[in-house]
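Reading through the structure tokens given below for one structure.
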Amino acid sequence: MPRVITPREFGKPLGMYSHGMAAPAGEIVVVAGQVGARRAGEVAGPDVESQTKQAFENVRAVVEAAGCSMKDVVRLQTFLTSADDIGGFMKARQEVFATYFPDGAYPPNTLLVVSRLVRPELRVEIEAMAVRARAAVRRAPGGGGRGARPRRRDRGSQP
């Protein structure tokens, strides 16, 4: 489970994000930018709030398909097509984060304003990175678990 990193000299983050996160070694899951479009490709709505909620649901679906939960997300990067949409994005994020991160440990998020996305009607795109914990290594009886090398015998030794 990732843990929040806050340097002593830093104040509280300005929003719903952490200054940093550390995660135990595991498999990195990288989620491509997800937009506010549903399965059939139709845009969730013309406003940034509905598109943001759908984009986060799309991120969640990919993260869960990789065997993780949203609590395993250690980084988000958000792209908006208008600075005027920041307030609507923040409102929608606050609503979905209450269910994804009920303990208030939010992943770091970088918010960028860009000139446009792949389709002109899209207003938000969200990328994510999660860490899936390594599965426990099973050991065979006698300590000959995965990765163990067979013992070598000298040619002249007796069995």
Side-chain angles (χ1 to χ4, degrees), residues 1-44 48-83 85-86 88-119 122-140 143-149:
M1 183 66 94
R3 66 181 169 81
V4 172
I5 304 295
T6 305
R8 285 187 207 138
E9 61 274 12
F10 280 27
K12 185 178 176 180
L14 300 176
M16 297 180 81
Y17 65 92
S18 298
H19 291 295
M21 283 196 135
E27 186 175 34
I28 295 174
V29 176
V30 178
V31 180
Q34 299 297 307
V35 296
R38 296 186 183 96
R39 183 177 179 174
E42 76 273 5
V43 177
V48 74
E49 291 92 348
S50 59
Q51 289 188 29
T52 296
K53 289 176 185 178
Q54 183 65 52
F56 273 118
E57 277 300 297
N58 296 345
V59 167
R60 182 197 56 75
V62 175
V63 166
E64 289 180 359
C68 296
S69 76
M70 289 297 281
K71 288 184 179 185
D72 296 314
V73 173
V74 296
R75 183 178 192 278
L76 294 167
Q77 187 164 2
T78 303
F79 302 90
L80 296 176
T81 59
S82 172
D85 285 340
I86 294 173
F89 165 76
M90 299 286 192
K91 180 181 175 203
R93 183 177 70 169
Q94 185 172 7
E95 290 176 31
V96 297
F97 273 22
T99 59
Y100 297 152
F101 311 103
D103 60 356
Y106 308 117
N109 184 81
T110 300
L111 175 62
L112 302 159
V113 178
V114 297
S115 61
R116 71 166 275 186
L117 298 174
V118 69
R119 289 176 27 196
L122 296 171
R123 301 175 77 134
V124 62
E125 185 168 335
I126 303 169
E127 296 177 350
M129 185 180 296
V131 176
R132 180 171 53 195
R134 288 189 176 160
V137 176
R138 292 185 181 195
R139 302 239 179 240
R146 189 158 90 186
R149 292 184 173 185

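All of these numbers come straight from a predicted model, not from anything done at the bench. For reference, positions follow the sequence shown, starting with 1.
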[atom1]/[X] to [atom2]/[Y] distance, rounded to the nearest 0.5 angstrom?
| X | Y | atom1 | atom2 | answer |
| --- | --- | --- | --- | --- |
| Ile28 | Asp72 | CD1 | CG | 12.5 Å |
| Ile126 | Gln77 | CD1 | CD | 11.0 Å |
| Cys68 | Met129 | SG | CE | 12.0 Å |
| Gln34 | Arg60 | CD | CZ | 11.5 Å |
| Lys12 | His19 | NZ | NE2 | 10.5 Å |
| Asp85 | Thr78 | CG | OG1 | 12.5 Å |

Salt bridge or not for Lys53 and Glu95, using N-O below 4.0 Å?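 Between Glu95 and Lys53 there is a salt bridge, with a charged N closer than 4.0 Å to a carboxylate O.
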
For [Y], does its backbone N or O pair with a side-chain atom of [X] as donor and acceptor, under 3.5 Å?
| X | Y | answer |
| --- | --- | --- |
| Arg75 | Pro108 | no |
| Ser18 | Tyr106 | yes |
| Arg8 | Phe10 | no |

Write down the atom of [X], the atom of [Y], and the distance for their closest heavy-atom approach.
| X | Y | result |
| --- | --- | --- |
| Ser50 | Ala44 | O-CB, 3.7 Å |
| Asn58 | Ala37 | ND2-O, 3.0 Å |
| Val113 | Ala83 | CG1-N, 3.7 Å |
| Val74 | Ala23 | CG1-CB, 4.0 Å |
| Val43 | Arg119 | CG2-NH2, 3.4 Å |

Just wondering, more than 12 heavy atoms not from [X] lying within 6.0 Å of its [atom1]?
| X | atom1 | result |
| --- | --- | --- |
| Gln94 | CD | no |
| Ile5 | CD1 | yes |
| Arg116 | CZ | yes |

Does some side-chain heavy atom of [Y] sit less than 4.5 Å from a side-chain heavy atom of [X]?
| X | Y | value |
| --- | --- | --- |
| Val59 | Met70 | yes |
| Leu122 | Thr81 | no |
| Gln51 | Val35 | no |

Among Lys71, Glu57, Arg93, find the residue that satisfies the side chain to side chain donor-acceptor pair (under 3.5 Å) test when tested with Tyr100.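 The passing option is Glu57.
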
Ring-plane angle category for Phe89 and Phe56, please: parallel below 30°, perpendicular beyond 60°, tilted otherwise. parallel

